[in-house]
There are 2 protein chains.
Amino acid sequence: MIAPVIQDSIRVLQTQGYKVTKPRRQVLGVLEEAQKSLSPYDIQRILRQRGKYLNHVTIYRILHLFCRLNLAHKVLSAGGFVKCVLDKKEGCHRFLICRCCGTLQEFADDELCQHEKKLAQNSGFHTEYHLSESLGICSDCSKKQ
Amino acid sequence: MIAPVIQDSIRVLQTQGYKVTKPRRQVLGVLEEAQKSLSPYDIQRILRQRGKYLNHVTIYRILHLFCRLNLAHKVLSAGGFVKCVLDKKEGCHRFLICRCCGTLQEFADDELCQHEKKLAQNSGFHTEYHLSESLGICSDCSKKQ
DNA sequence: TGCTAATTGCAACAATATTACAATTAACCT
DNA sequence: AGGTTAATTGTAATATTGTTGCAATTAGCA
Ligand SMILES: [Mn+2]
Ligand SMILES: [Mn+2]
Ligand SMILES: [Zn+2]
Ligand SMILES: [Zn+2]
């Protein structure tokens with residue numbers, strides 16, 4: 001019995017003309033079983049414990065592909081540093097990041113925050129910290145085009 | 001003339017009993033001027049171009065402190081990999097991540113998404129991709145306590 | 001069952017991040 | 001203002017994370 005998420009992902013690979021390889025199925029399997037987010041090396045470790053070996057380069061390439069096809073997401077929490085900005089709003093932290101010029105503005109909206117918290121609360125989750133990122137085109141860049 | 005964000009940040013450092021050192025002021029300054037998010041090594045490079053040298057270890061320590069005090073945020077975009085999860089919802093991607101057991105659930109809400117997009121649009125920003133992370137305690141973990 | 005483009009492995013390297021300990025300095029006290 | 005000291009920074013060594021070019025392998029197709 002194969003999980004539906006995996007079925008769907010395999011179908012996406014096929015329809016987009018990508019091969020359904022053993023490594024890709026293995027990474028899908030590990031990600032599906034985990035209830036937490038995994039790093040490339042986490043995935044390698046888990047597979048090795050089962051006697052399967054995948055080169056880390058392969059895992060990186062697979063994860064890049066999955067993210068490109070929206071089969072997976074990168075998440076920030078509990079991870080590395082990479083990028084940092086000064087905080088400008090209190091409480092809720094929403095960023096608008098232009099994929100064209102790279103500028104970043106922060107905005108806050110109490111109503112939005114309350115609503116989002118409430119929706120989480122509906123599934124029993126108590127929110128302590130929230131972060132939101134929107135990627136797109138800023139007003140300056142859209143004018144220039 | 002010192003920017004108000006920096007003034008505020010310095011005040012936070014002081015009231016929390018942290019020293020206001022030259023490296024900390026320099027990092028604050030660079031972050032404030034930049035309109036984009038910067039990596040620790042970006043910051044080092046910018047300062048070096050001005051003839052100032054800061055060890056990367058120092059910059060990491062300062063950024064860790066700033067994030068702990070909510071003077072700065074880590075952001076995900078355009079950065080490294082670190083962690084990855086399978087996608088379960090289309091369009092909008094909101095994660096509830098338990099800081100206790102590490103489990104992660106995804107939820108989507110169209111109304112919320114539309115509202116957030118509209119608010120961004122009000123400042124001329126066109127959203128193409130959105131990601132949201134809420135850290136807190138899941139229902140299982142809060143029951144156990 | 002063979003052919004071939006796509007995918008993976010390997011090796012080398014680059015970038016990012018942490019640790020332990022010695023040197024320095026900001027804040028506090030005369 | 002100068003001395004004291006705990007907090008902070010620099011240094012060196014190391015660990016972790018991520019990329020690139022090229023040779024070996026394999027999934028999908030005829
Ligand atoms: Mn913020
Ligand atoms: Mn999603
Ligand atoms: Zn722009
Ligand atoms: Zn939990």
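Because only heavy atoms are used, hydrogens play no part in the values below, and waters and symmetry mates are left out as well, while side chains stay in. Proteins come first, then strands; the chains are lettered A, B, ... in the order of their sequence lines, and each starts at number 1.
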* Using modelled atom types only, decide if a donor and an acceptor are shared between the side chain of A:R94 and the backbone of A:D109 within a distance under 3.5 Å. =>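 Not a single qualifying donor-acceptor pair exists.
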* **A:K36 (side chain) donor-acceptor with B:C98 (main chain) under 3.5 angstrom** =>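 Flag not set: sc A:K36 to bb B:C98 has no pair under 3.5 Å.
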If the cut-off is 4.0 Å, is [X] near the phosphate of [N], judged by side-chain N/O to OP1 or OP2?
X     : N      : result
A:Y41 : D:dT17 : no
B:R24 : D:dT8  : yes
B:H64 : C:dT18 : yes

* To do: Classify the side chain of A:H56 and the base of D:dT16 as holding, or not holding, a donor-acceptor pair under 3.5 Å.
  =>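 It does not, because no donor-acceptor pair links the side chain of A:H56 to the base of D:dT16 below 3.5 Å.
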Quick test: give all pairs of protein nitrogen or oxygen and nucleotides 24-28 of chain D nitrogen or oxygen below 3.5 Å, distance rounded to 0.1 Å.
from: D:dA27; atom 1: N3; to: A:K19; atom 2: NZ; distance (Å): 3.0
from: D:dG28; atom 1: OP1; to: A:V20; atom 2: N; distance (Å): 2.9

* B:G17 or B:Y53: which one's nearest nucleotide on DNA chain D is closer to the 5' end? ->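 The answer here is B:G17.
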* Take atom CD1 of A:I59 and atom C1' of C:dC10, then tell me their distance rounded to the nearest Å. =>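 Atom CD1 in A:I59 sits about 14 Å away from atom C1' in C:dC10.
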* Asked: Roughly how many Å is it from CZ in B:R68 to C1' in D:dT8, rounded to a whole number?
  ->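 B:R68 atom CZ is separated from D:dT8 atom C1' by 13 Å.
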* Would B:E116 and A:S134 count as having a side-chain donor-acceptor pair, cut-off 3.5 Å? ->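 Side-chain D/A pair, B:E116 to A:S134: absent.
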* To do: Please tell me which of the listed nucleotides, C:dT16, D:dG10, D:dG18, lies nearest to the side chain of A:P40?
  =>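 The answer is D:dG18.
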* Asked: Of the nucleotides C:dC21, C:dA17, D:dC22, which one has an atom closest to the side chain of A:R61?
  ->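 Closest nucleotide among those given: D:dC22.
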* Net bend of the helix from C:dT1-D:dA30 to C:dT30-D:dA1, end axes of five pairs each, nearest 10 degrees ->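 Here the helix ends are tilted 40° relative to one another.
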* Over 60° means perpendicular and under 30° means parallel, so classify the ring planes of B:Y60 and B:Y41, tilted if in between. =>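 If you compare the ring of B:Y41 with that of B:Y60, the planes turn out perpendicular.
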Compile the donor-acceptor pairs under 3.5 Å between side chains in residues 44-54 of chain B and protein atoms, sequence neighbours left out, one pair per line.
from: B:Q44; atom 1: NE2; to: B:L54; atom 2: O; distance (Å): 2.7
from: B:R45; atom 1: NH1; to: B:D42; atom 2: OD1; distance (Å): 2.9
from: B:R50; atom 1: NH2; to: B:E33; atom 2: OE1; distance (Å): 2.8
from: B:Y53; atom 1: OH; to: B:N55; atom 2: ND2; distance (Å): 3.3

* Which value, rounded to the nearest 0.5 Å, describes the distance between A:H93 atom NE2 and A:E133 atom CD? ->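 The NE2 atom of A:H93 sits 12.5 Å away from the CD atom of A:E133.
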* Asked: Start at the 5' end of DNA chain C and walk down; is the nucleotide closest to B:R45 or to A:L65 reached first?
  ->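 The residue closer to the strand's 5' end, by nearest nucleotide, is A:L65.
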* To do: Give the cluster check for A:I97 versus B:L131: same hydrophobic cluster or not, with ILVMFWY residues linked at side-chain heavy-atom distances below 4.5 Å.
  =>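 Same cluster.
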* Asked: Taking everything shown except B:E111 itself, do over 12 heavy atoms lie less than 6.0 Å from its CD?
  ->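 No, because the 6.0 Å sphere around CD of B:E111 holds 12 heavy atoms or fewer from other groups.
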